[in-house]
Amino acid sequence: MSRVRQLTRNFDPKKYEPEILKFWDEARVYERLRDARKGSKRFHFLDGPPYPSSDMPHPGTVWNKIIKDSVIRFKRGEGYDVLDKPGWDTHGLPIEVMTEKALGFTSKKDIENYGIDKFVLKCKELATKNLKSMTGHFKEFAVSMDWDRPYRTFENEYIESAWWGVKKIWESGRLYEGERPVHWCPRCETVLSDYEVSESYKDLMDPSIYVKFRVRGSENEYLLIWTTTPWTLPGNVAVMVHPNEKYVKVRVGRDLLILAKARLEAVMKDAGIEKYEIVEEFEGRTLEGLKYEHPLEDLVSVQQRLKDEHRVVLSEEYVTMEEGSGCVHSAPGHGKEDFEVGMRYGLPVVSPVDERGRFTEDAGKYAGLQVREANNIIIEDLDERGALFHRGTVIHKYPVCWRCDTPLIIRTTKQWFVKLTDLREKLLEESGRAKWVPKWGGERRFRDWLLGLEDWIISRQRYWGIPLPIWRCESCGHVEVIGSAKEIEEKAGAKLEDLHRPWVDGVTWKCPECGGEMRRVPDIMDVWYDSGVSFFASVGYPHRNREVFQEIFPVDFITEGHDQIRGWFFSLLRMGTLLFNQVPYRSVLMHGFMLDEKGREMHKRLGNYVPPPEILKNVARDTFRFFVLTKVPWQDLRFSWKGLKEMERRLSVIWNVYVFATTYLRDRELGQLPPKEELDPVNRWVLSRLHSMMKRVRESMNEYHLHVASNEILSFLIDDLSHLYLRVARKKLRSKDRSVADQWGKVLFHVLRETLPYLSIFAPLMSEKIYLESFRGENDPDSVNFLLLKDPDDGMIDPELEDMMRHIRSIISASGFARSNAGIRKRQPLRELVVVTENDMVRRAVEVFKDVLVTEANVREVRLGEAPTDGKWAHADFSEGSVFLNLEMGDEEILGGLARELTRRIQLMRKELGLTIGLERIEVYVQGDEDVKRALERYYDEIAWDSDANVIKFISNEREVPGSSFGKEWEVDGRRVFIWVKKVE
RNA sequence: GGGCCCGUGGCUCAGACUGGUCAGAGCGCCCGGCUGAUAACCGGGAGGUCGGGGGUUCAAGUCCCCCCGGGCCCA
């Protein structure tokens with residue numbers, strides 16, 4: 001037999017939420033839950049590791065974790081053994097830069113003087129401190145991941161897994177060292193990936209100059225080029241023109257200038273020149289091979305070696321008629337497009353700039369200068385040599401370092417690459433294998449991105465990261481790639497406690513080819529490599545947990561914000577395809593960004609950022625969870641205090657549903673549900689709704705339509721239970737007929753009990769509180785988290801019955817409308833409700849749910865019929881017909897109304913005395929007019945039953961009232977009535 | 001310049017993949033009611049040419065095209 005206990009009346013999440021969190025922690029609920037599910041079918045969730053750049057997560061990150069948590073809870077409820085390991089992306093430049101700032105460093109030299117070992121330990125310390133603090137914030141929102149056993153990318157085991165991957169790539173022949181122009185931060189002194197660069201462009205003011213390159217062998221003929229980076233001119237080796245555009249030779253003063261016809265007017269306007277004359281017109285392609293003189297060749301030493309190289313080359317892709325002169329200055333050492341075209345023409349690559357962004361000796365006069373500082377000197381030198389056509393400035397978007405804001409440069413360096421370009425097709429195919437929610441996330445956005453794929457630079461010239469496991473012989477260049485710590489031990493006899501730099505840098509061994517010294521390439525790896533291998537490195541594969549990995553690959557579910565299409569979703573796909581020839585995840589849910597109340601991005605520095613503790617100060621944890629989970633996940637979400645308050649009110653209604661129900665159900669024997677055939681239609685209806693709700697929640701959760709599932713349960717609890725079912729049930733639960741009260745009690749209990757585990761997916765704290773305080777039986781587990789989601793039973797779902805109830809609702813609503821138009825209050829019973837309709841289902845509904853109509857419309861009779869033609873009627877229409885209320889008031893109606901008024905007054909007085917219904921009984925004494933007396937006589941039983949009165953006595957003299965009674969004078973419909981209530985001891 | 005998403009009553013948003021009971025909900029506002037869920041709850045009302053225009057169709061917030069506005073990504 002099950003029993004329930006009364007639930008605390010006050011909805012006070014501020015009080016119970018911390019208690020529940022503490023209970024979960026102390027009772028090790030999740031740990032035991034994981035143990036309990038061991039051996040069940042597995043569901044592998046993979047956490048996209050957040051970057052611990054701060055001790056406080058962004059509210060959007062909390063949203064992200066809540067989404068994950070709801071899926072994890074749901075799958076646990078379905079009985080799965082869920083892998084719920086959280087992850088942390090701990091390496092990389094942001095942590096390094098923060099550490100540098102904390103130590104007051106400005107360059108790599110400072111780090112090396114300080115000691116790489118100490119520096120790396122500081123980085124680790126910072127990452128650890130932040131991830132611990134962030135963990136605390138996530139736990140506050142009831143995120144039930146395995147916080148004690150996260151994967152962290154700085155752990156030796158993780159690094160070993162990553163190394164194994166590098167070795168495998170090497171063995172597949174895709175790892176190569178190459179020379180390329182790359183984005184470079186002169187402060188951090190490292191290469192940056194395209195992805196890192198695209199993060200931040202800033203408006204910068206730069207020179208905008210037109211320069212004349214004299215055609216070799218001519219007196220006064222020039223190619224006119226345009227550039228905003230004068231410092232790249234020392235690296236110039238060619239001029240690109242468009243083969244299919246018209247070019248012109250123009251006379252300006254004594255000079256003949258060559259430029260694109262389409263740009264002529266704009267250029268002359270820019271330069272403020274009004275007088276010019278076209279002397280010749282030709283196709284761009286005819287310029288191919290035309291040689292010219294570099295204007296600074298006397299100053300730049302490397303240019304003297306290149307005298308015969310400078311010439312015109314063709315490019316359709318990179319010459320635009322949108323800006324410039326149509327003659328594009330090309331420095332293959334300082335531009336990706338230039339490099340590509342240069343390769344095609346076999347042009348030399350010149351990049352006379354060092355890692356700190358200073359010109360090298362090759363740059364002659366400019367050696368030692370910071371490149372951006374050299375701009376003006378170069379411009380003056382051009383002017384002195386008569387090569388400057390026009391000088392201006394421009395404000396344009398220019399890439400800066402995403403961590404330190406230093407303007408980036410492009411310089412050519414040796415880097416390690418992974419060849420990907422030939423994998424484009426395979427990646428596209430694999431990306432199509434994953435289920436994307438929403439569909440367009442994968443289909444359009446992702447595909448577009450994959451089409452622009454290039455080889456991947458995986459080396460970085462920094463300290464805090466996974467060391468690139470490449471060793472090379474200093475004498476013969478022989479290369480070995482290492483896949484584990486054990487290999488290091490075997491080769492070098494070194495046992496490393498920490499696989500990071502600088503400790504790993506000291507490991508050397510003898511070259512098997514020539515006996516020279518094998519030394520590690522000093523680079524570390526791109527952090528996107530770190531998170532990209534998480535699908536196997538998080539479990540330590542292949543050095544550990546091989547069987548587990550076989551079972552869980554590919555992972556079932558990942559979810560991150562839409563910024564991660566090009567980030568983690570892609571890096572996982574890339575690593576999955578490189579190492580296992582397949583996409584490593586089955587389903588991806590792409591979620592939106594959290595915006596502020598005005599729809600702008602939320603940022604600390606914009607000051608519109610709401611720290612998670614601030615949210616907790618104002619609303620319940622479950623409120624925030626429900627708030628975010630009821631929104632369409634893949635759209636951006638607007639933070640809203642108003643919205644949160646509103647959600648909190650809805651949760652308090654749910655709480656009240658349970659309070660109300662337990663008030664009636666407590667201390668009752670609540671056994672098995674009676675067979676369906678014996679049930680009242682309203683009970684059959686509510687059970688049908690219960691199973692429909694469960695079905696819908698299960699289906700939509702499995703589709704990752706979290707908003708559908710969460711709204712479904714809200715509307716079940718609020719619209720169906722609170723607004724309708726409980727109103728009807730209230731009277732039935734107190735029925736004198738034991739079998740009626742019993743049936744309704746059992747059904748209500750059943751419905752609320754089965755709903756609890758469903759509710760706990762979204763509002764785990766509230767569910768737990770209700771479960772522990774009221775619903776947990778003697779043999780039940782000690783936490784709601786252990787409960788399984790009951791499977792929906794199609795046999796219990798009756799769509800027709802649900803439809804009928806919808807009609808009943810509209811009839812009730814129409815009858816309310818008719819009443820309010822006629823000015824008759826709801827408490828006043830009326831004689832008759834006539835429903836006029838042609839719709840068969842409505843007619844059946846009226847028959848089936850007559851009881852509901854009688855109580856909800858407060859009438860004595862309900863019948864189907866024709867529109868009445870005589871008498872006093874109030875009338876209103878609903879979608880399938882009309883309702884008519886008989887307004888004629890006989891004795892029956894007047895006395896009935898009076899009886900309800902009297903009941904209500906007695907109830908108010910009971911309450912004032914603090915008496916509990918069903919527990920304490922009373923005696924009532926009433927003094928009033930003849931109607932009051934008659935109402936009391938006729939409705940004696942009802943009034944006495946409703947108010948738990950042993951006796952109700954109509955008196956003519958006040959002296960008949962016992963001394964200790966509580967008396968009050970009332971006015972009821974213009975009548976004076978005295979009521980006394982006395983508690984029966 | 002290219003791609004993607006969004007634009008539904010005063011506010012916040014469902015509905016759009018699978019055209020046809022989809023013009024909805026909550027809040028706010030106005031009117032009324034209920035009263036052992038009560039610093040709650042219930043009913044009703046006003047309010048939207050579903051950003052604009054064109055097209056497909058017997059039928060279009062829903063599909064197609066163009067434009068406008070907002071956002072994101074890329075170049």
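Naming: A, B, ... by sequence-line order, numbering from 1 per chain. None of the values given here were measured: they were computed from a predicted structure.
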Tell me every residue that passes side chain to side chain contact (heavy atoms under 4.5 Å, CB included) with Val394(A), counting only those two or more places apart in sequence or in another chain.
Asp206(A), Ser208(A), Thr228(A), His396(A)
What residues form a side chain to side chain contact (heavy atoms under 4.5 Å, CB included) with Asn244(A), not counting sequence neighbours?
His242(A), Arg285(A), Glu316(A)
Distance between the P atoms of U62(B) and U21(B), in whole angstroms?
13 Å
Check whether any side-chain N or O of His705(A) sits under 4.0 Å from OP1 or OP2 of C17(B), and answer yes or no.
no
Apply side chain to side chain donor-acceptor pair (under 3.5 Å) to [X] and list each qualifying residue two or more places apart in sequence or on a separate chain.
X         : result
Glu856(A) : Arg727(A)
Asn839(A) : Glu880(A)
Arg844(A) : Glu800(A)
His875(A) : Asp877(A)

Protein-to-nucleotide contact annotation, 5' to 3' order, nucleotides 19-32 of chain B [B base; S sugar-phosphate only; - none; under 4.0 Å, heavy atom]:
-------SS-----
For RNA chain B, the expected dot-bracket line (Watson-Crick or G-U under 3.5 Å, [ ] crossing, | inter-strand) is ((((((((.[[[[.)....(...]]]].(((((.......))))).....[[[[[..)....]]]]]))))))).
Donor-acceptor pair present, Ser652(A) side chain and A40(B) base, under 3.5 Å
no
Among U35(B), G15(B), U38(B), the one nearest Val632(A) by side-chain distance:
G15(B)
Of the listed U35(B), G71(B), A37(B), the closest approach to the Leu726(A) side chain comes from A37(B)
Syn or anti for G61(B), please, going by whether the chi angle lies within 90° of 0.
syn
Just checking Gln635(A): base, sugar-phosphate only, or nothing, at a heavy-atom cut-off of under 4.0 Å?
sugar-phosphate
Please name all residues satisfying salt bridge (charged side-chain N to carboxylate O under 4.0 Å, His left out) with Lys982(A), sequence neighbours left out, ordered by chain then number.
none
Going by the angle between their ring planes, with limits at 30° and 60°, are Trp655(A) and Phe11(A) parallel, tilted or perpendicular?
tilted
